[in-house]
Amino acid sequence: MAPKRVIAHLDCDAFYATVELLKRPDLKGKPLIVAGSGPRSVVTTASYEARKFGVGSAMPASQARRLCPTAVVIPPDFTAYREKSREVWTIVRSRLEAVQGMGIDEAYADLTGVEKPLRVLRELVEQVKKDTGVQISVGVGPNRLIAKCCSDLGKPAGFVAMGREEACIRFAAAPTRRLPGIGPKTAERLAEMGYVTVAQLQEADEAQLAARFGDRWARYLKARATFHDDSPVETESGAAKSVSTERTFDTDVETHDEQEKILRALARELCENLQAKRRQGRTVAIKVRLADWTTVTRAKTLDGSTNDVELVTETAVALLRAYAPPQPVRLLGVRLAGFDDVEPDKPPAPVAPVGQLMLPV
DNA sequence: TCTGGGGTCCTAGGACCC
DNA sequence: TCTGGGGTCCTAGGACCC
């Protein structure tokens with residue numbers, strides 16, 4: 001029988017704000033908001049002082065300023081965040097075997113079979129704090145779902161561990177939205193059916209859920225509510241499956257001529273990025289967001305893979321012309337997918353050893 | 001008071017081939 | 001003349017996550 005899994009979720013507290021405070025210690029204790037300066041920017045991170053005013057991630061910056069007029073607003077410095085992130089996860093990986101990074105400021109680790117896993121984690125958190133100034137909150141459980149919910153529970157500087165049955169009880173009164181995988185739309189639909197809390201979803205009739213969401217989703221939702229999750233911690237991350245560049249404009253762009261000009265610049269930016277990464281893709285796609293927030297995508301798959309500025313640009317422009325946006329445009333984007341190149345920094349695909357026959361399956 | 005930028009995965013329909 | 005089913009590829013949209 002397989003040993004009981006021990007999964008940890010490690011999450012940096014208010015990561016961007018923390019990095020800014022390390023650069024500017026004089027701001028310590030003040031409410032701090034990391035957000036762009038444009039009229040349509042959103043909050044990327046708020047310090048805990050700012051959160052007391054109701055400021056949260058993904059909130060329009062204009063709203064955040066109104067909620068907390070005394071806050072110091074700093075534009076994001078992604079270069080600094082990437083650098084600090086590298087420091088943090090280098091330490092974590094030096095101490096733990098199986099780590100799966102999830103974006104810049106969090107990761108899962110599989111500590112199954114590790115002696116005294118909680119002690120190992122506590123010492124790790126302490127070292128990261130001492131060496132980098134970054135505070136990590138930790139959640140531990142028998143699977144990723146419980147680990148994730150637990151790291152959230154103790155923030156900031158949290159350290160929470162529990163088993164599945166305890167999780168079912170401790171999160172019973174929480175809204176379903178608290179479960180990762182249940183977003184605003186699904187939570188809304190569940191609420192319409194009378195399932196507002198995790199406990200209610202635990203007791204929900206699966207056949208009734210299936211009628212509304214389909215078999216697969218129904219099973220998934222029940223599994224989430226009862227904290228069943230056997231998804232593995234994936235150590236190999238792999239290269240991105242698509243790469244895109246997009247921009248929201250301070251004011252909507254009205255003429256097709258101007259839209260085209262912007263799209264060309266975006267296509268160039270994307271191709272230069274891909275050339276640096278030595279990646280080529282077959283599918284060129286554009287994204288157009290209209291003034292009324294309608295979002296449209298159009299894609300074309302080419303015969304061969306490319307990252308050529310001319311080819312990608314002309315394909316993207318042709319897609320835009322065919323669509324001919326019927327309203328002013330607030331966002332334009334270009335994306336390349338369908339990569340069939342060798343992943344960077346990896347040896348070529350293995351071939352059959354000499355003397356071994358490749359048999360048709 | 002409006003709503004960023006970078007991704008992933010899933011679904012569903014149509015084309016096309018065997 | 002009519003009737004299949006399966007598999008793959010492509011496109012578009014939607015939900016979700018950090």
Can you figure out which of [options] approaches the side chain of [X] most closely?
| X | options | result |
| --- | --- | --- |
| Ala58(A) | dG5(B), dC18(C), dG4(B) | dG4(B) |
| Thr301(A) | dC10(C), dT3(B), dT11(B) | dC10(C) |
| Ser244(A) | dT11(C), dG4(B), dG6(B) | dG6(B) |
| Arg298(A) | dT3(B), dG7(B), dA12(C) | dA12(C) |
| Thr283(A) | dT11(C), dG6(B), dT3(B) | dT11(C) |
| Thr297(A) | dG6(B), dG13(C), dC18(C) | dG13(C) |
| Arg216(A) | dG4(B), dT8(B), dC10(B) | dC10(B) |
| Pro180(A) | dG7(B), dG4(B), dC17(C) | dC17(C) |
| Asp105(A) | dC18(C), dT8(B), dG4(B) | dC18(C) |
| Thr248(A) | dT3(B), dG5(B), dC18(C) | dG5(B) |

message: Need the pair for dC18(B). Rule: Watson-Crick or G-U wobble, both distances under 3.5 Å, any strand; none if unpaired.
response: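 Answer to the pairing question: dG5(C), which forms a Watson-Crick or G-U pair with dC18(B).
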- prompt: By side-chain hydrogen bond (donor to acceptor under 3.5 Å, both in side chains), which residues pair with Glu123(A), not counting sequence neighbours?
  reply: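 side-chain hydrogen bond (donor to acceptor under 3.5 Å, both in side chains) check on Glu123(A) returns nothing, list empty.
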message: I'd like to know if Arg5(A) pairs up with Asp230(A) as an ion pair, taking the criterion as any Lys NZ or Arg NE/NH1/NH2 lying under 4.0 Å from an Asp or Glu carboxylate oxygen.
response: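 No.
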query: Between dG4(B) atom C1' and Phe249(A) atom CZ, what is the distance in whole Å?
result: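 The distance from CZ of Phe249(A) to C1' of dG4(B) comes to 13 Å, rounded to the nearest Å.
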message: Are Phe227(A) and Phe171(A) an aromatic pair, judged by ring center distance below 6.0 Å?
response: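 Yes, ring centres under 6.0 Å apart.
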message: Check this one for me: any side-chain N or O of Thr186(A) less than 4.0 Å away from OP1 or OP2 of dC16(C)?
response: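 Yes.
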message: Go through it in stages, so that I can follow the logic: the residues are Lys222(A) and Asp205(A), the test is salt bridge (charged side-chain N to carboxylate O under 4.0 Å, His left out), and I'd like the CA-CA distance, side-chain angles, deciding distance and then a yes or no.
response: CA-CA 9 Å; Lys222(A) 283 285 268 194; Asp205(A) 176 37; over 6 Å; no
